Amino acid sequence: MKLNKQDILKALESISAPGEGQNMVESGAVTNVVTFADEVIVDITITNPSLQAKKKTEVDIMKTIHDKVYEKAKITVNVKVDAPTKSAPNVIKGKHIPGIQNIIAVASGKGGVGKSTVTANLAVTLAKMGFKVGVLDADIYGPSMPMMFDVELERPLAVDVDGKSKMRPVENYGVKMLSIGFFTKPDQAVVWRGPMAAKALNQMIFDAAWGELDFLLIDLPPGTGDIHLSIMQSLPITGAVVVSTPQNVALSDAKKGVAMFQQESINVPVLGIIENMAYFTPDELPDNKYYIFGKQGAQNLAEDLNVRFLGELPLVQSIREAGDVGRPAALQTATSLEKAFEKLTQNVVEEVVRRNDNLPPTEAIKITTMAGCSAIKK
């Protein structure tokens, strides 16, 4: 029997290649069909590199031709694999949150450097400038944003968004916020392992009705651990801000924090370094500066790492008092602190604009089975 090429192609339209939604003819997987008498040669290219996929493709083609065209046909199937080189096994991709324009991670290498205080004051200053702002308190084990915004007794309410129940963030001073502190008692310790903490964070990120935001600030916990990776796997971070004091111990850890974001498998742009508690100024001697923790340490570190020095903040009693009573110091009008936070925030906004102009949009990091889990060599 003499086989016809069109009959072969019509038969192959009834099956699809592994990993293809269309049939193997429409998808272009079948690259060539040659017939001669009762012999047929089919060339096909698939994207699945597994041996099982190659064997299944070959068996499906032979069976279909035998069933639909000629049961005694002599068939040769040449399977070529053209697997995509960009994808990696076990890749975890993050999701974009509709309506949020820029996501800024505020981090520190170690605790006690005032990272949460800086985040709160950045947020209220951005809101004063007219931006729509949200804060995600990702410090699962030490949430402090509810106290700093005087909303410790508030609870997020459920709202309906497109038929789905979402959490409505608590709002004060023009800033929307979510924190694990809203779901625990003030004296209750959060004793969770990493996966449970990561799940709680994902719920606060994706099950929340954030609405339209120009900036979402993420107050990260100290260090370079599991929570940081979970956040950066979940969200495409626009850039990171690292907070440090001038002290050598803090600078050493801040350097590791910058290295974490710059590591190849993470690759989140570092917008700059903020030096907190740069100097002490007593109320009775406002022109005096006492460099208790060292002088210009974070500024020198920024120069060494080739990232922008975003500014310095003094160690003054009113900043601490403002945080304790739940009204960030940046809300104080016509003060040197207000000006300091405004300048700092302007620098952050400038870096975000420069980053968005000069770099492609950030993707959430794609961590394979082992990547991102080893010590950072910098």
Side-chain angles (χ1 to χ4, degrees), residues 104-129 131 133-154 169-182 184-190 215-222 241-247 250 254 273-283 286 290 292-293 298 310-345 348:
I104 310 300
V106 184
S108 66
K110 69 188 299 294
V113 297
K115 169 185 51 60
S116 296
T117 299
V118 169
T119 303
N121 283 282
L122 277 176
V124 297
T125 305
L126 285 168
K128 284 168 62 179
M129 291 177 174
F131 293 108
V133 188
V135 171
L136 174 65
D137 189 354
D139 196 346
I140 293 292
Y141 304 109
S144 53
M145 287 300 161
M147 175 182 288
M148 290 190 171
F149 280 84
D150 194 25
V151 287
E152 288 179 282
L153 301 179
E154 299 290 332
V170 173
E171 187 169 351
N172 200 13
Y173 310 128
V175 177
K176 297 178 181 179
M177 140 196 13
L178 279 177
S179 168
I180 199 66
F182 292 134
T184 59
K185 297 178 181 178
D187 58 347
Q188 180 182 352
V190 179
F215 293 93
L216 175 64
L217 305 184
I218 302 180
D219 182 28
L220 290 171
V241 171
V242 176
V243 180
S244 179
T245 63
Q247 190 177 4
I273 297 176
I274 295 171
E275 184 170 87
N276 193 28
M277 309 181 204
Y279 53 85
F280 170 64
T281 298
D283 287 339
Y290 301 94
I292 297 174
F293 297 115
L310 295 169
E312 61 182 17
L313 295 169
L315 173 63
V316 293
Q317 186 173 335
S318 62
I319 294 180
R320 191 273 304 166
E321 291 174 341
D324 286 350
V325 300
R327 184 175 173 81
L331 293 172
Q332 300 170 11
T333 57
T335 63
S336 59
L337 284 179
E338 181 189 39
K339 293 178 181 178
F341 282 116
E342 283 180 352
K343 181 60 178 175
L344 182 67
T345 306
V348 171

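The structure presented is a predicted model; accordingly, all values stated were derived computationally and were not measured.
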Could you give me the CA-CA distance, side-chain angles and deciding distance for Y290 and L315, then say whether side chain to side chain contact (heavy atoms under 4.5 Å, CB included) is met? CA-CA 9 Å; Y290 301 94; L315 173 63; over 6 Å; no
Atom pair [atom1]/[atom2] of [X] and [Y] - distance to nearest 0.5 Å:
X: D219; Y: S108; atom1: CG; atom2: OG; value: 8.5 Å
X: E154; Y: S179; atom1: CD; atom2: OG; value: 13.0 Å
X: T117; Y: L313; atom1: OG1; atom2: CG; value: 10.0 Å
X: M147; Y: E152; atom1: CE; atom2: CD; value: 4.5 Å
X: Q247; Y: I292; atom1: CD; atom2: CD1; value: 11.0 Å
X: I274; Y: L122; atom1: CD1; atom2: CG; value: 5.0 Å

Nearest non-hydrogen partners of [X] and [Y], listed with the distance:
X: M177; Y: P146; result: SD-N, 4.4 Å
X: L337; Y: A329; result: CD1-CB, 4.1 Å
X: Y279; Y: E312; result: CE2-OE2, 3.4 Å
X: L344; Y: L310; result: CD1-O, 3.4 Å
X: S116; Y: M148; result: O-SD, 3.7 Å
X: A127; Y: V175; result: CB-CG2, 4.1 Å

Let me have the donor-acceptor pairs involving side chains of residues 320-328, under 3.5 Å, with sequence neighbours excluded, atom names and distances please.
| unit_1 | atom_1 | unit_2 | atom_2 | d |
| --- | --- | --- | --- | --- |
| R320 | NH1 | D324 | OD2 | 3.0 |
| E321 | OE2 | Q317 | NE2 | 2.6 |

With a 4.5 Å limit on heavy-atom distance, are the side chains of F341 and V124 in contact? no
Assess the residue pair N276 and V113 against the criterion (side chain to side chain contact (heavy atoms under 4.5 Å, CB included)); give the C-alpha distance rounded to whole Å, side-chain angles, the decisive distance to 0.1 Å, and a yes or no. CA-CA 7 Å; N276 193 28; V113 297; 5.7 Å; no
Short question: side chain of D137, backbone of I180 - any donor-acceptor pair under 3.5 Å? no
Does any pair with a residue in residues 118-129 pass side-chain hydrogen bond (donor to acceptor under 3.5 Å, both in side chains), and if so which ones, sequence neighbours excluded? K128-E338
